[in-house]
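Reminder, nothing fancy here: chain letters follow the sequence lines and each chain counts from 1. Please read all numbers here as calculations on a predicted model, not as lab measurements.
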Number of protein chains: 2
Amino acid sequence: MPKTTPPAADSPTPAQQQRLQMADIARLAGVSTSTVSRALSGSSLVNDETRARIMELARSLKYTINIGAQNLRLKQNRTIGVVIPYDSATRQHLTDPFFLAMLGSLADALTEQGFDMLVSRVDAEQLDAAAAPFDTGRVIGVVLIGQWRHHDQLNQLAARHVPMVVWGAQLPQQLYCTVGGDNVAGGRLATAHLLQQGRRRIAFLGDTGLPEVAQRYQGYTEALAAAGLAPDPQLQVDVSFLPQGGSEGVLELRRRAVAFDAVFACSDLLAMTAMNTLRQHGVDVPGQVAVVGYDDIELSSYFHPPLSSVRQPMREAGRALVAALLELTEGRPAPSRLLPTELVVRDSSVAPTSR
Amino acid sequence: MPKTTPPAADSPTPAQQQRLQMADIARLAGVSTSTVSRALSGSSLVNDETRARIMELARSLKYTINIGAQNLRLKQNRTIGVVIPYDSATRQHLTDPFFLAMLGSLADALTEQGFDMLVSRVDAEQLDAAAAPFDTGRVIGVVLIGQWRHHDQLNQLAARHVPMVVWGAQLPQQLYCTVGGDNVAGGRLATAHLLQQGRRRIAFLGDTGLPEVAQRYQGYTEALAAAGLAPDPQLQVDVSFLPQGGSEGVLELRRRAVAFDAVFACSDLLAMTAMNTLRQHGVDVPGQVAVVGYDDIELSSYFHPPLSSVRQPMREAGRALVAALLELTEGRPAPSRLLPTELVVRDSSVAPTSR
DNA sequence: ATGAAAGCGCTAACAG
DNA sequence: CTGTTAGCGCTTTCAT
């Protein structure tokens, strides 16, 4: 008769609920742990009847294999890390809805693929910390949302062979894999649209020190050039992605006493606060100044007036990031990807007369 | 002379970068793994010089202890699960900024405490799936964001001794720990404020089938009662938390042909879409109808008109959820907590005349 | 078809 | 102070 000692009747560590483990199931089923292991993994090496019995037992006792031990033995892991850098200067707290939407999209894509998501935040000034969950073996790779100004640090991580894919812009001499929206096209679309609305003095709100913004600015200049216009440096303002950036941008433009009849902002949040500030100064949107934002966050369509915006394909973004990362973890190269952007035209950029 | 075989020069599994491990460091330092283990954990049992040498070696080689193996040996774990249920019917995709803000707040609180965050999404109709990361030993406890209508399922989880704390309302006969805003007070504050603005016909937008909403409604009726008014059922509309809910609510009120001079919406998103729909119907906000929302998401202050809202203390919420969960994982009881709410008054609820 | 035994990478007695 | 040994919970040869 097998011993039927209840699973470790002592309670030494309060944290340790004496969890059921494979040995317990084995004892209860009157077989060895090998058999239980095989049965639970659906091995054909085990008698059908035995397997059924074991599985039933496990299910009724709500036994589940300890993934940590399994991972150790199998040298496998199905967790990937998602790292959201924060700007240490502004201590920006994950505030832009776009980042959050990306997080949701990643969560969905990972769930689809049967992966777990370990989320962490790191100081953007110390991006190498992003590799910590990988170095400690917690995750098999890392998705980094946002490259900021840290191209070099990212290259270093890549050189260390940390499987990593970054949401951001493709840059020259880049050792890491990026997935990002087509920022040049996005900038071009927005600007061309504003030009088409008859606007000629289009202000650009965004910090061109950031790669993604720089590319949008390039698209902006391209569209201007195509219309035979030269960009006026006075119309470009380096503002941060913090919400109040939109307000500051508009104020700066007024300080410069530069005339403008449109604003292209590099995020919807910026566009919204810019619109508010314009309104406070008695400027009609879109009558006097047309506005286009970027990202097309959900709220944009509910804003007043509804905000025109450049949409990035979020669902696709999450999938592409995950797909690329999985390639890398398999040891295969992952080419960077550029996702298409589209312009969503709403009231903020279309003067009533031209509608 | 110690053998200096390079760490497993073969590359069998492409997924397996041959990671550096403790034995390698030990060999390189000419000591045993025990000594390395002790040195790295800062044990005083090891010679200062030896420890320094080992640590230097580890650092220069970027060696980090494999957490999985360490956890297994130590039977410890510093990962907690954050589960975001989604409504399977509407397939609502993590869309409300409030949930996202909560996620950020939790990330911060967990980082502060040196815990990792494993995020997963589960179908709200099968909330028992929320326990999976715990059952498999991946996490030591779970924070559930939102209780929806699944009080009973949550009770079952608690009965199974899954360490879990839920963001939501305190309910009678509840076996699990909740942390939540004081919904009754929130409802009371908002309603009292609207009454004070001279409004008497205050519509309530929110599905009272949800515990949190029911409590806000109770606060609403209490405030009405304090003013000697009885709630008019015609003024309450069960709308979902989806953004379009606000619009549907307003349309329903018009269909009922019921007069109202204020709207209290159970989320800011609802309030915003309600305001848009009112405007589309030529109703002035706040002139004819004053509006108050709930959650005070960041965008509310940038909306037009800026939205009055009941604020929940997000930073505190994350901290409280984490603190309660850690208590539970330590085997101590964790009492449910009610966090204070406050009303943030902005233009949407204050008619220009009364300003 | 099943069990015994070894070992994934680490730590903690127990000896020296 | 340091090394040897055993074992965390699991999977997998290798026998039987």
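- One atom, CG of B/Leu72, and another, C1' of D/dT11, lie 13 Å apart when rounded to the nearest Å.
- With salt bridges taken as basic N to acidic carboxylate O contacts below 4.0 Å, one links A/Arg337 and A/Glu316.
- Spacing between atom CG of A/Leu45 and atom C1' of D/dA15 amounts to 14 Å, rounded to whole angstrom units.
- When only modelled atom types and interatomic distance are considered, A/Tyr176 and A/Gln147 share a side-chain donor-acceptor pair under 3.5 Å.
- For the pair B/Thr35 and A/Thr33, both in contact range of DNA chain D, the more 5′-proximal nearest nucleotide belongs to B/Thr35.
- Remark: C1' of D/dT13 and CZ of A/Arg73 are 9 Å apart, rounded to the nearest angstrom.
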Stepwise, does the salt bridge (charged side-chain N to carboxylate O under 4.0 Å, His left out) test hold for A/Arg53 with A/Glu56? CA-CA 5 Å; A/Arg53 191 159 43 88; A/Glu56 173 53 29; over 6 Å; no
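- Nucleotides of DNA chain C lying under 4.0 Å from heavy atoms of chain B occupy a range whose first and last members, 5' to 3', are C/dG9 to C/dA13.
- An angle of 50°, rounded to 10°, separates the two end axes of the helix from C/dA1-D/dT16 to C/dG16-D/dC1, each defined over five pairs.
- For A/Gln70 and D/dG9, the shortest distance from a side-chain N or O to OP1 or OP2 is not below 4.0 Å.
- The distance from atom CG of A/Leu20 to atom C1' of D/dC10 is 14 Å, rounded to the nearest whole Å.
- Scanning atom types as modelled, no donor and acceptor separated by under 3.5 angstrom connect the side chain of A/Ser34 and the base of D/dT11.
- We find that CG of A/Asn71 is positioned 12 Å from P of D/dT12, with the value rounded to whole Å.
- Put simply, the side chain of A/Ser41 gets close to the backbone of A/Ser37: a donor and an acceptor are under 3.5 Å apart.
- The heavy-atom pair separating B/Ser60 from B/Leu57 by the smallest distance is OG-O, 3.0 Å.
- Ion pair B/Asp135/B/Arg160 flagged as a salt bridge, since at least one NZ, NE, NH1 or NH2 atom sits closer than 4.0 Å to an Asp/Glu carboxylate oxygen.
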Apply side chain to side chain contact (heavy atoms under 4.5 Å, CB included) to A/Leu103 and A/Met117, showing your working. CA-CA 10 Å; A/Leu103 209 54; A/Met117 177 166 106; 4.2 Å; yes
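- Relative to the ring axis of B/Tyr63, B/Arg19 does not place its NZ or CZ within 45° and under 6.0 Å from the centre.
- Inspection of the B/Ser336 and B/Gln174 side chains reveals an N or O donor paired with an N or O acceptor under 3.5 Å.
- The CZ atom of A/Arg38 sits 10 Å away from the P atom of D/dT12 (whole-angstrom rounding).
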Under the salt bridge (charged side-chain N to carboxylate O under 4.0 Å, His left out) rule, what do A/Asp116 and A/Arg78 come out as? Steps first, then yes or no, please. CA-CA 6 Å; A/Asp116 286 329; A/Arg78 290 188 69 82; over 6 Å; no
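- Rounded to an integer number of Å, the gap from CD1 of A/Ile25 to P of D/dG9 is 14 Å.
- Non-hydrogen atoms lying under 4.0 Å from DNA chain D are contributed by B/Val46, B/Asn47, B/Thr50, all within residues 46-56 of chain B.
- Contact record, A/Pro85 with A/Ile145: CD-O, 3.1 Å, taken as the closest heavy-atom pair.
- In this structure, A/Lys75 atom NZ and D/dT12 atom P are separated by 13 Å, rounded to whole Å.
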